[in-house]
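Comments concern the structure below.
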Amino acid sequence: MPTALSVVCFSDFMTYRTHHCGALRKADSGSRVTLCGWVDSRRDHGGVVFIDLRDRNGITQVVFRPEEHAEAASAAHGLRVEDVVQVSGSVAPRLTGTENTKLATGEIEIVADTLVILNKADVLPFPLDEDSVNEDLRLEHRYLDLRRPAMVRNLTVRHKVVKTTRDYFDRQGFLEIETPVLSKSTPEGAREFLVPSRIFPGSFYALSQSPQQYKQLLMVAGLERYFQIAKCFRDEDPRADRITELTQVDLEASFITQEDIIELIEGLLVEIFREVRGVEIPRPFLRMTYQEAMNRYGSDKPDRRFGLELITLDEVFKASEFKVFRGALDNGGTVKAINAKGFAGITTGQIEGLTELAKQYGAKGLAFIKVENGEWKSPIAKFLTDAEKQALVSELGIEEGDLILFGAGDWETVCNVLGRIRLRVAELQKLITDPNALEFLWVVEFPLLAYNAEEQKWNAVHHPFTRPHADDVALIDAGEYGKVRAQAYDVVLNGVEIGGGSIRIHESDLQAKLFEVLGISPEKQQLLFPHLLKAFRFGAPPHGGVALGVDRLVMLAVGTENIRDVVAFPKNNRGEDLMMSSPTPAEPRQLRELGIQVARKA
RNA sequence: GGAGUCUUAGCUCAAUCGGUUAGAGCGCUGCCCUGUCACGGCAGAGGUUGCGGGUUCGAGCCCCGUAGACUCCGCCA
């Protein structure tokens, strides 16, 4: 059955609206206005009808009174949530006692005389006012999900972060320069997305996982100060705070020291948080070496919103009879512990959970002491001498009601295990009391290289272009790779690495030497990085840089734990775009053009 | 590549020890309602309990397989 369509036409001489839905106040009373937006809710009393009208800027209540404007009121009875309408009327102070303090516009309402329905809406697949909705549904209908005020706010914060960044670097004399997205595949680093070349069948581009090499070459080019809001692509398995298509504030500068870069980035972060949170972050940020961060927090990205620090107990147990601790020390390892103050009441289930966590990160078990009623309740207490117990009391400040958790083994495993335990205990004890806390710090003096036992080779901790610490270059020649410190630095906020960078190698011979340590032969270097090694021969300035993760930064600024909440059109956990249904199989014709044959999945 | 948790109405969830016709709130449909803002009242529709198999007199619940979701390990220079 054909239905009559009523088409509303607007001429160039008309305006859709005079105000946004968050604009009107008591002072506007009496003026005639026109608003456009979505029906956020409808309260139909049979006679008088109320509409909450929503646009990006806010919500305004519209009232339809049948005795004053019968036609508009009768049309309002038919409205449904999310219909798009235009309302004209006069601004009036609300009747005494009916003001709504929850709305910025809550002192007024629009007494409507005209209602134009611009477009009707079907019933939505999910409610917009509910927080816990199946994420697949939200992603499939992202254009609806983004109508929710929380999402509008997230995207607004993201915009402000990026705009503040551009303004800041512009003032600092940086040039925003775009680098290619279609790039060259490199063996180091993240798995890349490959893009086939039509003109060179069998050859592939790689989507840039970071502009690293381009920005260094911009320094060779003499651009001196470069930055970019760069899209990076990494085909790695997902996590809650990772995404395959990420955005970085990418930066590189010449004739610059680590100190200069730290100062520059602190200045940027101060401005960003002033702009989006209205807070003044104190400077300078705390500094900590990698060594200290691991020793005290068991992490290279310490969360300093709470204490619960790791205490080293090597001295206490170096001559102990307790085999587990003594054995770890005799093998060149360490013994550490944390004191969870007042957590002796931990349940058996929680202890089991912590033990499980410790095992997951490589511990054999989790020794503990509960101090209850003046007694040490512990499976290991009987192995400890009175002197050792006394030493523990003074080292750990043990008091009634405390829970002590131990780690023993090689240094890295112990740090890592207790670092994870520390975070979980803080969660269980609810130690983060201030939801607005912002604990920034720099972690410096990262190791340059780390040995990968599985691959039986040395890998770059940061990346292969990172400059060794000036004092440690001799250690490379001596083959003591594990002791070499890097001129690399991470900036950490509330236990999240929000950025990192390094001073780079700018000499071709030093770069070649590092490649060799990393197991990249001279022949392979010429195959993979000829441009870089060649460029360094023609007068490359000393340079360095840093990259900040925009997605993570915005997550922290808005306080969400889901990275997809700060991206307009994110892919799901498997890299699918549920709204557009990508990826999809290619047309046979496209594959033929590219010279590609798809092997059937076994 | 591996581990854990989960999957019940459009949405969010419940269903006792394996026991009769799988419930609630919101939403939806219809009617009523003139100051609400979580409006209210009455009535109603809506289910292959992800899918497949098994155990049992009887399965949403137990077992096996499978698909999907989320989180984590590996991985992410």
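A, B, ... follow the sequence lines: proteins, then strands. Residue 1 opens every chain.
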(message) Please report the distance separating the P of B:G60 from the corresponding atom of B:G52, rounded so that it comes out in whole Å.
(response) 13 Å

(request) Tell whether A:Arg234 reaches the base of B:C76 with its side chain through a donor-acceptor pair below 3.5 angstrom. (result) no

(request) Could you pull out the closest heavy-atom pair between A:Leu144 and A:Leu128, with the gap in Å? (result) O-CD2, 3.5 Å

(message) Using Watson-Crick or G-U wobble geometry with both distances under 3.5 Å, which nucleotide pairs with B:G25?
(response) B:C11

(request) May I ask whether A:Phe126 stacks on the base of B:C11, given the cut-offs of 5.5 Å between ring centres and 30° between planes? (result) no

(request) Please measure how far the P atom in B:A24 lies from the corresponding atom in B:C42, and state the result in whole Å. (result) 14 Å

(message) Quick one: does any side-chain atom of A:Thr60 pair with a main-chain N or O of A:Cys21 as donor and acceptor, under 3.5 Å?
(response) yes

(request) Could you run through nucleotides 26-32 of chain B and give me one letter per nucleotide, 5' to 3': B if any protein heavy atom sits under 4.0 Å from the base, S if only the sugar-phosphate is that close, - if neither? (result) --SSS--

(message) Checking the side chain of A:Asp577 only, and the main-chain atoms of A:Met580 only, is there a donor and an acceptor separated by less than 3.5 Å?
(response) yes

(message) Could you work out, with side chain to side chain donor-acceptor pair (under 3.5 Å) as the rule, every residue matching A:Gln456, not counting sequence neighbours?
(response) none

(message) Between A:Arg420 and A:Leu95, which residue's closest nucleotide on RNA chain B lies nearer the 5′ terminus?
(response) A:Leu95

(request) Just call it for A:Ser210: base, sugar-phosphate, or nothing, with non-hydrogen atoms closer than 4.0 Å on any strand. (result) base

(message) Once hydrogens and angles are ignored, does a donor-acceptor distance under 3.5 Å link the base of B:C33 to the side chain of A:Arg43?
(response) no

(message) Give me the distance, rounded to whole Å, that separates B:C6 from B:U49 when you measure between the C1' atoms they each carry.
(response) 14 Å

(message) Return the pairing partner of B:G52 with a 3.5 Å limit on both distances, Watson-Crick or G-U wobble; otherwise return none.
(response) B:C64

(message) Give me the distance, rounded to whole Å, that separates B:C17 from B:G30 when you measure between the C1' atoms they each carry.
(response) 43 Å

(request) Calculate the interatomic distance between A:Ile51 atom CD1 and B:C39 atom P; express it in whole Å. (result) 12 Å

(message) Tell me which nucleotide, if any, is Watson-Crick or G-U wobble paired with B:A69 when both distances must be under 3.5 Å.
(response) B:U5

(request) Using the test side chain to side chain donor-acceptor pair (under 3.5 Å), find all partners of A:Trp38 that sit at least two apart in sequence or belong to another chain. (result) none

(request) Scan A:Leu103 against the nucleic acid and name what it touches under 4.0 Å (heavy atoms): base, sugar-phosphate only, or nothing. (result) nothing

(message) If we ignore hydrogens and angles and just use 3.5 Å, is the side chain of A:Gln350 paired with the main-chain N or O of A:Thr347 as donor and acceptor?
(response) yes

(request) Rounded to the nearest angstrom, tell me the gap between atom CG in A:Leu53 and atom P in B:C37. (result) 19 Å

(request) Give the nucleotide from the list B:U34, B:U36, B:C73 with an atom nearest to the side chain of A:Gln360. (result) B:C73

(message) Holding to side chain to side chain donor-acceptor pair (under 3.5 Å), I want the full list of residues that pass it with A:Arg420, two or more places apart in sequence or in another chain.
(response) A:Tyr361

(message) Rounded to whole Å, how long is the line connecting atom CD of A:Glu427 with atom C1' of B:C72?
(response) 13 Å

(request) Indicate for each nucleotide in nucleotides 66-71 of chain B, in 5' to 3' sequence, whether protein heavy atoms under 4.0 Å reach the base (B), only the sugar-phosphate (S), or nothing (-). (result) --SSSS

(message) Using every non-hydrogen atom in the two residues, find where A:Val546 and A:Gly500 come nearest and quote the distance to one decimal.
(response) CG2-O, 3.4 Å

(message) Suppose we call two aromatic rings close when their centres sit under 6.0 Å apart. Are A:Phe529 and A:Phe515 close by that rule?
(response) yes

(message) When you measure only distances, ignoring hydrogens and angles, does the side chain of A:Asp237 come within 3.5 Å of the base of B:C75 through a donor and an acceptor?
(response) no

(message) Taking B:C26 as the reference, what is the distance to B:A22 when you measure between their P atoms (whole Å, please)?
(response) 22 Å

(message) Measure CZ/A:Arg94 against P/B:C39 and give the value in whole Å, please.
(response) 13 Å

(message) Between C1' on B:G50 and CG on A:Leu137, what's the gap in Å once rounded to a whole number?
(response) 14 Å

(message) Between B:G50 and B:A9, how many Å separate the two P atoms, rounded to a whole number?
(response) 8 Å

(message) With a cut-off of less than 4.0 Å, is there a side-chain N or O of A:Lys102 near OP1 or OP2 of B:A38?
(response) yes

(request) State the pairing partner of B:G40; accept Watson-Crick or G-U wobble contacts with both distances under 3.5 Å, and report none otherwise. (result) B:C32

(message) Keeping A:Arg54 on the side-chain end and A:Gly37 on the backbone end, is there a donor-acceptor pair under 3.5 Å?
(response) no

(request) List the steps and the verdict of side-chain hydrogen bond (donor to acceptor under 3.5 Å, both in side chains) for A:Asn562 and A:Glu135. (result) CA-CA 11 Å; A:Asn562 182 348; A:Glu135 201 179 13; 2.9 Å; yes

(message) Return the pairing partner of B:G18 with a 3.5 Å limit on both distances, Watson-Crick or G-U wobble; otherwise return none.
(response) none

(request) Whole angstrom is fine here: how far is it from CG in A:Leu357 over to C1' in B:G4? (result) 13 Å

(request) With C1' as the reference atom in both, quote the distance from B:G23 to B:C61 in angstrom, rounded to an integer. (result) 16 Å

(message) Please report the distance separating the P of B:U34 from the corresponding atom of B:G41, rounded so that it comes out in whole Å.
(response) 16 Å

(request) Write down the distance between CD (A:Gln209) and P (B:C75), rounded to a whole number of angstrom. (result) 16 Å

(message) What is the distance, to the nearest angstrom, from the OH atom on A:Tyr361 to the P atom on B:C72?
(response) 9 Å

For residues 70-77 of chain A, dump all side-chain donor-acceptor pairs below 3.5 Å to protein atoms at least two apart in sequence or in another chain.
residue: A:His77; atom: ND1; partner: A:Asp44; partner atom: OD1; Å: 3.1
residue: A:His77; atom: ND1; partner: A:Asp44; partner atom: OD2; Å: 2.8
residue: A:His77; atom: NE2; partner: A:Gly46; partner atom: O; Å: 3.3

